[in-house]
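Taking it in order: structure first as structure tokens, then the write-up.
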Amino acid sequence: MDQQSINIAAIALQAGVPIIWWSSPGGGKTVTAGILARDCLHRPFRPIRASLYQPEDHAGYPVPNADKTFVNMVPNQTLWGGLEPNHVVFLDELTTCEPAKQAALLGPPLERRAGSFEIPPGVSFIAASNPPNEAAGGHDLSPATANRWLHRTLKKDAMQWVRGTLTGWPTPTVPLLPVGWEALIPTVGSIITA
């Protein structure tokens, strides 16, 4: 995988910007995301193959409270329970999710919720997808899903893949955001909107 894509993902994860990687199957997206999270950023990594679950696993099952005056939307605790502020959540095979699952997956990265469960501050999201025509049972991302992610198409380097497969994948060096980077958000936001 190209170093520029890894650097962009590292910055996005540190800044809390959801990012989606696009490439053909077998390009190393999952393994690279794990290395980036665990070895480069020293953060716990939670992979979720989103298409294997029902929309309710992400958006929550209705569970009334004891006196039946309120309904909690309880998500699958195996997927969403136990997240800590520094986790990196990896949503794999997003284009194999039909539209109902894509809609349910808007909550965690955008609204910071999985049903009634609040995603802790500092949890970052990265997704991986194959182009719909190359995905198993592929679907285009709906506009509502697509516009919530920073998209990056990964460049292929056949020789790098061969070296990594034969001798192991080196841990890349990635840029780290400096302490206090958040103070620049208003200035940068003004430049972008101008």
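Values in this document were obtained by computation on a predicted structure and should not be read as measured data.
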| Going through the checks in order, is the side-chain contact (heavy atoms from CB on, under 4.5 Å) test met by Glu93 and Asn130? | CA-CA 7 Å; Glu93 306 289 353; Asn130 304 321; 3.2 Å; yes

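Although no hydrogens or angles enter the test, the distance criterion places no donor-acceptor pair under 3.5 Å between the side chain of Lys155 and the main chain of Gln3. Side chain of Asp39 to main chain of Thr171: no donor-acceptor pair is present (N/O by atom type, distance under 3.5 Å, no hydrogens or angles). Here the side chain of Thr193 pairs a donor or acceptor atom with the backbone of Ser190 at under 3.5 angstrom. When atom types are taken as modelled, the side chain of Asn65 and the backbone of Phe70 share a donor-acceptor pair closer than 3.5 angstrom. Between the His87 side chain and the Glu84 main chain, a donor and an acceptor come within less than 3.5 Å of each other. Judged by distance alone, the side chain of Glu56 and the main-chain N or O of Ala104 form no donor-acceptor pair under 3.5 Å.
Summarising the geometry, atom OG belonging to Ser142 is positioned 6.0 Å from atom CG belonging to Leu106; distances are rounded to the nearest 0.5 Å. Rounded to the nearest 0.5 Å, atoms OG (Ser5) and NZ (Lys29) are 11.5 Å apart. Atom CG in Asp2 sits 8.0 Å away from atom CD1 in Ile8 (nearest 0.5 Å).
Linking Ile, Leu, Val, Met, Phe, Trp and Tyr residues whenever their side-chain heavy atoms come within less than 4.5 Å places Ile6 and Leu176 in a single cluster. Under a hydrophobic clustering in which Ile, Leu, Val, Met, Phe, Trp and Tyr are joined whenever their side-chain heavy atoms come within less than 4.5 Å, directly or via other members, Leu166 and Ile35 fall into the same cluster. Hydrophobic clustering, with ILVMFWY side chains joined whenever heavy atoms are under 4.5 angstrom apart, groups Phe45 together with Leu13. In this structure, Phe90 is a member of the same hydrophobic cluster as Leu150, with clusters built from ILVMFWY side-chain heavy atoms closer than 4.5 Å. Linking Ile, Leu, Val, Met, Phe, Trp and Tyr residues whenever their side-chain heavy atoms come within less than 4.5 Å leaves Ile11 and Trp21 in two separate clusters.
In the hydrophobic clustering, Leu91 connects to Ile20, Trp22, Ile48, Leu52, Tyr53, Leu79, Trp80, Leu83, Val89, Leu94, Leu105, Phe117, Ile119, Val123, Phe125, Leu141, Trp149, either directly or through intervening members, whenever side-chain heavy atoms lie under 4.5 Å apart. Applying the under-4.5 Å side-chain rule to Ile, Leu, Val, Met, Phe, Trp and Tyr, the cluster around Val63 extends to Val74.
Taking all atoms of both residues into account, the shortest heavy-atom contact from Thr173 to Asn7 is O-OD1, 3.7 Å. Contact record, Asn86 with Arg43: O-NE, 2.6 Å, taken as the closest heavy-atom pair. Counting all heavy atoms, side chain and backbone alike, Pro75 lies closest to His58 at CB-O, 4.1 Å. Across every non-hydrogen atom of Pro131 and Ser23, the tightest pair is CD-O, 3.4 Å. Ile126 approaches Ala9 most closely through the heavy-atom pair CD1-CB, 4.3 Å. Here the shortest heavy-atom pairing between Gly16 and Ser124 reads CA-OG, 4.2 Å.
Every pair passing side chain to side chain donor-acceptor pair (under 3.5 Å) that includes a residue from residues 94-120 is listed here, sequence neighbours excluded: Ser51-Thr96.
Within the 4.5 Å cutoff, the side chain of Pro47 has no heavy atoms near those of the Asp92 side chain.
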